[in-house]
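What follows is a short report on a single structure.
FYI, side chains are in, hydrogens and waters are out, and symmetry mates aren't considered; it's all heavy atoms of this structure.
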Amino acid sequence: MPELPEVENVRRGLEQLVVGKTVQAIEIRWSKIISNPDDVFVEGLVGRQIIGVDRRGKYLLIRFDQNLTVVSHLRMEGKYEVDDQSVPMTKHTHVIWTFTDGQQLRYLDSRKFGRMLLIETGQENTVSGLKDLGVEPTPTTFKKTAFYQALQKHKKAIKPLLLDQKIVTGLGNIYVDETLWLSQIHPETPANLLTKAETDRLHDEIITELELATNNGGTTVNTFLNAAGHAGAFQDMLHVYGKKGQPCDRCQTPIEKIKVAQRGTHFCPRCQIKREAVQ
DNA sequence: GATGTATCCTGAATGC
DNA sequence: TGCATTCAGGATACAT
C-alpha cells in the first residue's frame, strides 16, 4: 500500500515521465475514481499541459497550465504507468490520459479505492483530506515539542492517532508498526501517557524511517510499483510488518499480530509493553 | 469535539 | 478440484 515513501517515488517517476506533455484525450472507465463529474474532469484537462508534479502527504498534486491541479490519492493499490498507445491495456485500468505525443498515462487500481479530483491550483486547502493534513515528517516541519503537545491532547491509542494524518502526515499501516517497534512503544498505548522522551524518540524514528524508505524506493508489499515500473527495496528492511511468528530482531520473542482500530497490527510483546490508561 | 465503526472493492488465502 | 468465506486496508460518512 502506498505510504509517503512510495508516493514520493511515484511523484519522482511521474515528474520525469509526463511533465511537458499535453493532454489530447481522457478516457474514464470507472467513474467513482473521479470525484468531479466525468465531463468536468475531461473537458477541464483536454488541451492542458502538465507543468509539474508535487506531493502533500500521500496525495499527488499533478499541476497543469491554466492554474489547474489534479489531486490524486492512490489509497491501497493505485498506480500509474506510462506506456505507448500500442501497449495492450491491462486489467484494472480505470483512467487513461492520452498525450499529443502518442504516449498514455494510465491509472490502475485493482481495488478501485483511489480517488482523483480536479481543482483550481491554490484551492488545495478546500479539499477534504488535504485541508486537515498535519505536518510533513521532515526535520524542518516536524518539531518534537509540538508533537508531544499534540499527543498529550488525545487519550486514544497512539497507532490510530498516527494513522489519521492530522498530526503528522505520510504514515500508513506499515510505517506506523515499524516506527512504534523502533521506538519500543506498544501500539495501544494511550497517546497522552507517552513520556516526552518516548515521543522524542518516536519523532526521530518517524523522520529517519520515512527518509530511509524513500531513499530505498519505498516498500513493495504485493503490488506497489512506481510510475517507471520499478519495485521498491525497503520491504527487505522491515522489522515487524508481516513478520507474525518470526523472532523479534531485538530480543528474539515471536512477533504477534493483533487488531488495533480495525487494522492488522504487528508488534513485539516483550519490547513493546502495553500500558493501560489511568482511570 | 473526540472517538468508534461500517463502507467501498477485489484478489489472495483459507476452509471445507 | 472447486466453491464459499474471510481478510487486507486509507479515508470518509455516520453514529455515539
D109(A) CG to dG10(C) P, in whole Å, measures 13 Å

Whole-Å distance, K112(A) NZ to dT7(B) P, equals 19 Å

Y59(A) has its side chain closest, among dT12(C), dG10(C), dT3(B), to dT12(C)

Please determine whether a side-chain nitrogen or oxygen atom of H73(A) lies at a distance below 4.0 Å from atom OP1 or OP2 of dG10(C). no

Whole-Å distance, Q262(A) CD to dG4(B) P, equals 11 Å

(Q) Closer than 4.0 angstrom, basic N to acidic O: yes or no for R11(A) and E8(A)? (A) yes

- Message: Tell me whether the side-chain N/O atoms of R263(A) come closer than 4.0 Å to OP1 or OP2 in dG10(C).
- Response: yes

Review point. Between the main-chain N or O of I255(A) and the side-chain N or O of Q246(A), is there a donor-acceptor pair closer than 3.5 Å?
Key: no

Open item on the list: Please classify the nucleic acid contact of K166(A) as base, sugar-phosphate, or nothing, using heavy-atom distances under 4.0 Å.
Closed with: nothing

In whole angstroms, the gap separating P of dA8(C) from CG of L74(A) amounts to 22 Å

Answer yes or no: does a side-chain N or O of H92(A) lie under 4.0 Å from OP1 or OP2 of dC9(B)?
no

* Asked: Do the side-chain N or O atoms of Y241(A) get closer than 4.0 angstrom to the phosphate oxygens (OP1, OP2) of dG9(C)?
  -> yes

R115(A) atom CZ is separated from dC9(B) atom P, nearest whole Å, by 7 Å

Q. So, is K257(A) close to the dA8(C) phosphate, meaning a side-chain N or O under 4.0 Å from OP1 or OP2?
A. yes

Nearest-nucleotide check on DNA chain C, S128(A) vs F113(A); residue mapping nearer the 5' end is F113(A)

Exercise. Indicate yes or no: does D109(A) engage R75(A) in a salt bridge with an N to O separation below 4.0 Å.
Key: no

Atom CE of M116(A) and atom P of dA11(C) are separated, to the nearest Å, by 16 Å

#### Entry: Sugar-phosphate, base or nothing in reach of K153(A), heavy atoms under 4.0 Å
nothing

note: K32(A), atom NZ; dT10(B), atom C1'; distance rounded to Å ~ 13 Å

If you compare every side-chain N and O of K259(A) against the phosphate oxygens of dA8(C) (OP1, OP2), does one of them come in below 4.0 Å? yes

note: R111(A), atom CZ; dT10(B), atom P; distance rounded to Å ~ 11 Å

Short side-chain N/O contact from H154(A) to OP1 or OP2 of dT3(B), under 4.0 Å: yes

**Study point:** Ionic contact status for E124(A) with R63(A), cut-off 4.0 Å
**Key:** yes

Margin query: Any carboxylate oxygen within less than 4.0 angstrom of a Lys/Arg side-chain nitrogen, looking at D65(A) and R48(A)?
Written below: yes

When we call it a touch if two heavy atoms are under 4.0 Å apart, what does Q165(A) touch: a base, just sugar-phosphate, or nothing?
sugar-phosphate

Note: for R75(A) and P160(A) on DNA chain B, the residue whose nearest nucleotide lies more 5' is P160(A)

Worksheet item: Can E81(A) and K79(A) be counted as an ion pair, charged N to O under 4.0 angstrom?
Response: no

